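This one's a predicted model, so the numbers in the text were calculated from it and none came from an experiment.
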Amino acid sequence: MSHATEGGGKPRGGATTQRLPAETKRVFALVGNPNSGKTTLFNALTGLRQKVGNFPGVTVERKEGTCISQHGQELSIIDLPGAYSLSAQSPDEEVLRDVLLGRRAEMPQPDVVVCVIDASNPQRNLYLASQVLELGLPVIVVLNMTDVAEARDMKIDAAALSRALGVPVVPTCAVTRRGLAELRIAMSRSDLPVSHHKVDLPEDVAQLVEQYAGGVGHAALYLPEEKDAIERAAPGWEDRLITARYEAIHRICEDAIQAQRLARAGLADRWDAFLLHPIGGWVGLFGILGVVFAFIFSVATVPMGWIEAAFAWAGGAVEAAMPEGDLRDLITGGILAGVEGVVIFLPQILTMFFFLGLMESTGYMSRVAFIMDRLMSKVGLSGKSTVPLLSSYACAIPGVMAARTIGDPKGRLITILVAPFTSCTARLPVYFLILGVLVPGDEVPLPTKVLALVGLYALGTFGVFVFAALFNKLLKRQKSAPPIMELPGYKAPSWKAILIQMWDRAKQFLVRAGTVILGMSIILWALQTYPKSDSDDPAVQAEQSFAGQLGHAIEPVIEPLGYDWKMGVGLVASFAAREVFASSMAIAYGVDEEDEDAEAKLRDKLRAAERDDGSPVFTTLTCLSLLVFFVFALQCLSTVAVVRRETGSWRWALFQLAYMTGFAYLAALAVYQGGRALGYT
Amino acid sequence: MNACAIDTEVANLAELRKGETAVILRFASDDSAFLRFREMGLLPGTEVTFVRRAPLGDPMKFEVRGALLSIRKADAAQIEVERR
């Protein structure tokens with residue numbers, strides 16, 4: 001049940017309705033349907049004076065900004081998540097409901113609600129508005145996207161609507177900033193009226209609300225327990241209420257709206273004729289994905305090169321300026337390497353979020369969900385999981401963060417749990433290194449490379465679907481409602497909103513994931529540095545360090561996979577980040593990474609490596625087993641840190657680490673031992 | 001068949017032909033699962049037009065009160081309509 005997410009510890013009733021003293025900033029809550037242009041309006045009102053955080057205990061974005069009133073006073077504006085109803089069915093909608101009802105401890109009940117309505121789709125948008133008006137808070141109704149409405153030959157009489165609702169109605173077009181001054185004037189009024197709009201509750205329901213409300217008043221209509229109590233006494237009451245609301249809306253619209261005909265989603269559908277076409281739809285989808293990944297793999301690698309160069313320069317500068325010693329090593333090998341390990345992800349993350357923002361902002365995102373829904377429904381997910389999973393092929397971090405758009409909590413959790421199986425770009429250096437060892441000659445031929453990569457990507461994708469199906473069977477606690485999704489009209493992208501979101505996401509990643517990664521990087525450095533050996537040979541140091549000892553210690557565990565202790569060191573180190581595998585193997589095999597052809601040297605060393613009995617270490621089976629391990633194992637601290645943040649607890653993050661790595665172990669074991677049993681070496 | 005019978009034929013939403021408009025009669029189950037459908041404006045008496053299906057045949061795209069909505073075929077089959 002979606003009700004299960006209802007925390008018991010939340011304050012009930014109006015107890016937390018702490019109105020701030022008059023001299024503090026007035027709080028305006030921005031409320032509206034998804035795609036009503038609410039966020040564009042928020043950006044237009046607040047400019048860059050905004051703060052983004054999270055509501056405690058849930059991963060719902062909390063956006064607050066400041067706007068200056070007509071009288072020069074600062075007004076505080078909260079951009080609440082978009083929703084279709086106060087009868088919450090997702091964490092986003094629960095936050096909206098609880099803030100409006102004054103049930104969230106960390107936030108006072110807003111002084112004024114600014115209710116944004118998509119003027120081109122007034123009926124459905126007025127449904128949420130009428131719920132808000134019924135609450136008895138001062139409300140300003142904003143008729144946004146009037147340009148779209150006009151393009152559809154709809155004339156909305158704002159004055160008539162204002163008379164009918166009993167609150168100010170301001171027509172705006174947030175994109176062109178039309179009507180913003182009028183909105184600001186309305187917001188500066190100190191005498192904002194409370195709506196007289198009341199939906200006549202059916203007599204029996206009205207009585208029951210009184211009876212069961214227990215002091216929560218009108219809130220009883222939206223709180224799960226109270227709703228259940230009313231339902232038992234008057235089955236079907238909610239249906240009657242919905243009908244009553246829509247009837248009232250219908251009467252208002254008849255008076256205030258003149259449309260040539262009921263608004264047709266004509267223009268959007270002409271685009272859909274191609275973008276959702278049985279063939280054209282796929283051409284469009286793969287074309288757009290092709291562009292996105294071309295950017296990730298080519299354009300984003302340019303700033304990644306700069307970052308590497310900058311850190312190499314900084315490391316060199318530190319080495320030149322400081323005497324040799326542990327402190328210098330800590331700075332170059334621990335801190336700088338750790339910061340680099342965080343920052344290096346930024347170009348890809350920013351690129352990914354740029355395209356995600358672009359798809360969201362133009363309205364294409366929900367088309368991707370529409371096209372892919374059938375495929376995803378086979379494993380119990382919905383089309384909304386598509387984009388987070390596709391993003392994960394670039395990097396699991398933006399993928400996991402993008403899963404926020406999935407309303408259904410179970411679908412969202414499953415998506416997060418399986419997303420890192422997709423082969424992210426950080427696995428590529430490892431794949432290339434092992435392929436280089438595996439395939440004879442100086443250069444892996446391109447067809448072999450492509451074929452191998454396709455196979456590895458397919459293997460990861462297989463993991464996504466198998467485990468999504470498995471978790472769908474196992475996680476039975478929530479029954480999800482049948483999905484219904486709006487396909488919004490196509491719009492020109494709001495570049496400002498995209499840039500603000502890119503900046504916010506990047507900041508969240510740097511602060512939350514960055515600190516964990518930096519800390520772990522320093523720990524790993526210490527593991528590789530201490531205890532000190534007497535030898536100057538880095539290979540000897542690598543063996544005697546804690547990391548080397550750890551490698552030896554886990555040798556019995558990884559031996560059945562065909563690995564030796566040196567690979568153990570590489571594996572231990574690569575749990576910080578996969579790409580570290582190559583550099584720690586280089587240390588273990590005594591290859592100086594500063595060398596011009598370090599890659600070729602490392603490859604030759606690995607090929608030549610022998611076990612005690614003289615047999616080669618990197619046999620075909622060992623290489624295959626290693627590849628399979630890297631496909632499935634969750635070796636990325638950043639992902640663990642982000643999953644912890646997105647799921648709100650260590651529980652799922654650690655579960656994911658354990659199950660993915662456990663499965664990787666079993667799969668690699670099956671490859672190696674299966675191969676040996678079949679007579680390969 | 002006379003014209004009258006065609007005019008008022010009862011079907012479910014998933015059976016509509018492309019471009020066809022129908023009026024909602026009732027939901028097959030009064031389950032609260034479909035509450036969100038009703039909140040999105042799919043009420044008895046509401047006109048619904050089937051616009052197109054997804055490239056893989058499911059879900060289906062409908063126009064309801066000027067908005068485009070995606071509904072899975074299995075769920076659409078739960079909604080009884082009267083063809084126009």
Side-chain angles (χ1 to χ4, degrees), chain A residues 33 35 84-85 87 89 118 120-125 127-128 131 152 154 227 231 235-236 238-239 242-243 245-247 249 259 262-265 268-269 272-273 276-282 285 366-367 369-375 377 382-383 479-489, chain B residues 12-14 16-81 84:
Chain A
N33 280 186
N35 306 304
Y84 292 109
S85 165
S87 281
Q89 293 202 342
D118 171 2
S120 67
N121 185 3
Q123 291 196 10
R124 216 240 1 261
N125 277 260
Y127 181 78
L128 175 69
Q131 290 181 323
R152 289 188 192 167
M154 293 175 66
K227 275 172 70 173
E231 180 67 31
E238 206 164 5
D239 248 11
I242 295 168
T243 309
R245 283 196 184 115
Y246 267 104
E247 276 167 4
I249 290 167
L262 191 64
R264 289 294 245 168
D269 193 57
D272 280 348
L276 299 180
H277 184 271
I279 296 159
W282 297 109
L285 180 60
S366 57
R367 268 70 186 186
F370 184 68
I371 293 173
M372 298 293 288
D373 186 69
R374 187 185 168 115
L375 208 61
S377 71
S382 82
K479 182 172 145 245
S480 21
I484 180 166
M485 181 183 70
E486 186 178 10
L487 298 163
Chain B
N12 71 52
L13 207 48
L16 294 190
R17 285 177 293 270
K18 200 172 154 178
E20 196 177 1
T21 301
V23 175
I24 295 179
L25 288 176
R26 68 183 73 85
F27 287 78
S29 68
D30 249 351
D31 191 2
S32 64
F34 284 101
L35 196 69
R36 182 47 55 95
F37 281 55
R38 295 187 275 256
E39 288 188 308
M40 300 277 276
L42 286 106
L43 294 165
T46 309
E47 269 194 14
V48 182
T49 306
F50 170 43
V51 188
R52 65 181 71 252
R53 40 180 102 249
L56 294 173
D58 191 17
M60 304 166 79
K61 185 178 100 173
F62 295 97
E63 183 174 330
V64 183
R65 298 175 194 264
L68 297 169
L69 299 174
S70 153
I71 298 174
R72 284 186 183 166
K73 208 153 86 184
D75 299 327
Q78 301 291 307
I79 304 172
E80 211 167 273
V81 294
R84 275 286 152 93

Structural part of [X] lying under 4.5 Å from a heavy atom of chain B:
X	result
A:Arg367	side chain
A:Glu247	neither
A:Ala273	both

Exercise for the section: Tell me, for B:Leu56 versus chain A, whether the close heavy atoms (under 4.5 Å) come from the side chain, the backbone, both or neither. Expected result: both
Problem - Contact origin within B:Asp75 toward chain A - heavy atom pairs under 4.5 Å - result: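 For B:Asp75, the side chain is the part near chain A, not the backbone.
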Problem - Axial cation check for A:Tyr127 ring with B:Arg65, 6.0 Å and 45° limits - result: no
Handout entry: Any donor-acceptor pair under 3.5 Å from B:Arg36 side chain to A:Ser87 backbone
Key = yes
Which heavy-atom pair separates [X] from [Y] by the least distance, and what is that distance?
X	Y	result
B:Glu39	A:Ser85	OE2-OG, 2.6 Å
B:Phe37	A:Pro482	CE1-O, 3.5 Å
B:Lys61	A:Phe370	CB-CZ, 3.7 Å

Exercise for the section: Could you walk me through whether B:Met40 and A:Tyr84 pass the side chain to side chain contact (heavy atoms under 4.5 Å, CB included) test, one step at a time? Expected result: CA-CA 7 Å; B:Met40 300 277 276; A:Tyr84 292 109; 3.5 Å; yes
Handout entry: Residue among B:Glu47, B:Lys73, B:Arg72 with most heavy-atom pairs under 4.5 Å to chain A
Key =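 The option with the most such pairs is B:Arg72.
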Problem - Worked check of side chain to side chain contact (heavy atoms under 4.5 Å, CB included) between A:Asp272 and B:Val51 - result: CA-CA 10 Å; A:Asp272 280 348; B:Val51 188; over 6 Å; no
Problem - Inter-residue atom distance A:Asn121.CG - B:Leu68.CG, 0.5 Å rounding - result: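 That separation rounds to 9.0 Å.
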Practice task
Hey, could you give me the CG/CD1 distance between A:Asp373 and B:Ile71, rounded to the nearest 0.5 Å?
Solution key: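 Rounded to the nearest 0.5 Å, the CG-CD1 separation comes to 12.0 Å.
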Exercise for the section: Would you check if A:Arg124 and B:Val64 make a side-chain contact, meaning some heavy-atom pair closer than 4.5 Å? Expected result: no
Practice task
Under 4.5 Å, counting heavy-atom pairs only, tell me which of A:Pro483, A:Pro278, A:Gly281 racks up the most with chain B.
Solution key: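 Of the candidates given, the most pairs with chain B belong to A:Pro483.
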